[in-house]
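The next block holds one structure in the form of structure tokens; read it before the comments.
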Amino acid sequence: ATVKDWTAHVIKQAEIDKYLVDGKDFIDEEKIFEEIEKGKKPDKQRVRDILQKSLEIKILTPDETATLLNVEDPELFHEMQEAALEVKKRVYDNRIVFFAPLYLSNLCVNSCKYCGFRAENKEEIRHVLSMDEVREETAAVIDEGHKRMIAVYGEHPMNGADYIAESISTIYSVKRETPTGNGFNNIRRVNVNAAPMEIADLKKLWRAGIGTFQVFQETYHRERYAELHPANTVKGNYRWRLYAMHRAMEAGIDDVAIGALFGLYDWKFEVMGLLHHALDLERQFGIGPHTVSFPRMQPAPGSFLSENSPYLVSNDAMRRVVAVLRLAIPYSGLIVTAREEPNLKRDLLTHFGCTQTDASSKLGIGAYAKKLKQEENIEKVQFMLGDQRSLDEVIRELANDGMITSFCTAGYRCGRTGDKIMTLLEKGVEGKFCKLNAVLTFREYLNDYASPATREIGEKLIEQELREIEATPFFSKNKLLPTFRSYYDRIARGERDLYM
Ligand code: SAM
Ligand code: SF4
């Protein structure tokens with residue numbers, strides 16, 4: 001397809017309208033403004049009652065969420081933060097899941113005002129990775145110690161669904177010998193962040209073994225959306241994007257990920273947008289989002305929006321965003337990326353309820369294999385990262401804070417996805433399996449890739465985890481201990497990829 005054909009034909013109106021409820025979209029701006037207004041000056045007892053509901057791992061209503069968004073009193077906010085941490089502990093304990101982004105193509109037909117890949121940025125050098133290059137990039141990512149990847153693509157006929165499906169299969173096919181020479185490591189879960197697609201195309205990704213499908217709405221506010229995404233582009237269609245996840249669910253991809261780009265519009269409004277999105281997915285499919293993201297706008301080549309937007313979000317507001325999301329959608333993973341600087345990132349992970357992050361990330365097309373720093377290939381990056389530390393360094397920092405790194409991909413390979421995983425998460429059962437798999441994958445990392453300093457602190461942490469596992473009644477009651485112990489020993493001896 002030519003770019004013109006693509007833009008004209010990619011959107012299927014019927015695959016938007018079928019998800020209307022009573023003839024309406026699930027985002028109603030006026031209603032959201034009313035909800036936010038109504039939540040102002042919240043009563044202390046009401047806030048405490050809402051926190052209690054979150055602690056039962058129940059999704060909050062829009063009114064309840066708006067109430068939490070309006071908490072200004074520092075003491076009450078402190079209670080909120082503690083409750084958010086407790087929710088995280090109940091559902092995810094002290095685990096942080098790591099992933100690496102892989103950018104495969106910066107060709108794009110759209111012109112989003114905040115993005116280095118936008119078609120009108122003539123400084124950008126465009127490239128689509130060949131499958132050989134995908135293999136080289138993947139090998140370099142595996143050699144850092146990663147097991148989970150998010151593949152990222154601009155929107156262009158050169159990298160449509162067939163290319164994405166082929167690249168997913170290619171990433172899965174790469175095997176790297178472990179540094180000890182005992183076995184092989186590979187990428188065990190490929191998530192995708194790409195443009196919204198029609199159901200038939202999403203089925204291609206599902207057949208290729210996609211993990212989570214992720215699309216950010218950018219802003220849920222229609223008017224602001226229209227200012228930032230030119231109307232004659234595919235992305236200019238707000239509603240095609242709004243139902244991207246509904247279509248994904250229909251195509252069989254039941255792990256879906258939503259997000260908003262913070263800094264484009266009022267942050268309270270965006271949190272409400274995310275909540276309404278989660279509620280509509282629950283209403284129409286019985287499953288909420290697997291993860292929620294709140295990327296904050298960063299400087300991008302040739303774009304000045306990250307300095308000039310009237311809606312820039314402070315670090316303090318980001319902490320509130322995370323605390324409220326943790327409480328409002330208690331079962332969803334919360335992702336903070338290397339967009340953020342090390343201190344804030346650490347704070348959001350250890351004190352505010354984030355559950356996933358990336359490290360050693362490179363956004364330039366082809367930058368992993370060539371080991372390029374972002375300053376060295378600025379003409380191929382989408383935006384600038386705030387944290388360029390290695391995976392090892394970030395793992396060490398979190399281990400020092402008592403957080404264990406997990407590369408677990410078992411849930412999805414054991415069929416624990418979608419509504420099944422939601423129920424298990426709500427009941428705290430999935431968390432139990434995750435604990436075992438976190439320890440198994442952390443063992444692999446310590447043996448294969450950890451620096452001496454990380455190994456030292458990591459061994460102490462893993463000893464503590466092993467003691468906890470032995471003392472947890474759930475594991476002995478369900479006869480999981482013998483299998484776990486034998487997997488742990490086999491991994492320590494060099495076998496790889498054993499999971500429960
Ligand atoms: N092209 C597809 C799309 O727009 O949906 C998928 C990939 S796009 C490369 C991934 C995400 O990067 C976008 O959805 C947007 O939220 C985010 N992004 C774009 N420009 C950014 C910037 N300057 N700072 C931070 N995040 C940005
Ligand atoms: Fe293209 Fe996505 Fe960047 Fe928009 S955000 S210009 S669609 S790559």
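Start at 1 and go down the list; that is how both ligands and their atoms are numbered.
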Quick test: of every protein heavy atom, which one is nearest to [atom], and how far off is it to 0.1 Å?
atom                    : answer
atom 1 (N) of ligand 1  : Tyr153 O, 3.2 Å
atom 7 (S) of ligand 2  : Asn110 ND2, 3.3 Å
atom 6 (C) of ligand 1  : Asn193 OD1, 3.0 Å
atom 3 (Fe) of ligand 2 : Cys115 SG, 2.3 Å
atom 4 (Fe) of ligand 2 : Cys112 SG, 2.3 Å
atom 8 (S) of ligand 1  : Gln382 NE2, 3.4 Å

CA sep, side-chain torsions, deciding dist, call: His246, Phe26, ring-ring contact (aromatic ring centres under 6.0 Å, His included): CA-CA 12 Å; His246 292 60; Phe26 64 85; 5.6 Å; yes
Element-labelled atoms of ligand 2 that are located less than 4.0 Å from some non-hydrogen atom of Phe117: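 That gives atoms 3 (Fe), 8 (S) of ligand 2.
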Using heavy-atom distances, let me know which of [options] sits nearest [atom].
atom                    : options                : result
atom 3 (C) of ligand 1  : Glu155, Arg118, Arg241 : Arg241
atom 2 (Fe) of ligand 2 : Arg118, Lys235, Arg241 : Lys235
atom 16 (O) of ligand 1 : Glu218, His156, Gln298 : Glu218

Would you mind telling me if ligand 1 is within reach of the side chain of [X], the backbone, both or neither, using heavy atoms under 4.0 Å?
X      : result
Val215 : neither
Lys235 : side chain
Ser303 : neither

Glu155/Lys235 ion pair, N-O < 4.0 Å: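 Not counted as a salt bridge, because no side-chain N and carboxylate O are separated by less than 4.0 Å.
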Donor-acceptor contact present, side-chain Arg339 to main-chain Pro295, <3.5 Å: no
Stacked cation flag Arg188 on Phe407, 6.0 angstrom / 45 deg: no
Geometric cation-pi criterion, Arg247 with Trp240: 6.0 Å, 45°: yes
Contact partition for Glu155 relative to ligand 2, non-hydrogen atoms under 4.0 Å: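 Contact part for Glu155 vs ligand 2: neither.
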Other residues, nucleotides, ligands: >12 heavy atoms within 6.0 Å of Asn343 CG: no
More than 12 heavy atoms of other groups within 6.0 Å of Glu30 CD: no
Those atoms of ligand 1 less than 4.0 Å from some heavy atom in [X]:
X      : result
Val152 : 7 (C), 9 (C)
Arg339 : 12 (O), 17 (C), 25 (C), 26 (N)
Ala300 : 23 (N)
Met297 : 24 (N), 25 (C)

Closest heavy-atom pair and its distance - Gly263, Met297: O-CE, 3.4 Å
Tyr114, any N or O under 3.5 Å of ligand 1 N or O: yes
Presence of N, O or S from Cys108 under 2.8 Å of atom 1 (Fe) of ligand 2: yes
Within-4.5 Å side-chain heavy-atom neighbours: Tyr331 and Pro289: yes
Min side-chain heavy-atom separation Met197-Phe213 under 4.5 Å: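 Yes; the side chains approach each other to less than 4.5 Å.
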Modelled atom types, side-chain donor and acceptor of Glu270 and Thr219, under 3.5 Å: yes
Result of checking Phe262, Tyr220, Phe33 against Phe269 for ring pair (Phe, Tyr, Trp, His ring centres under 6.0 Å): Phe33
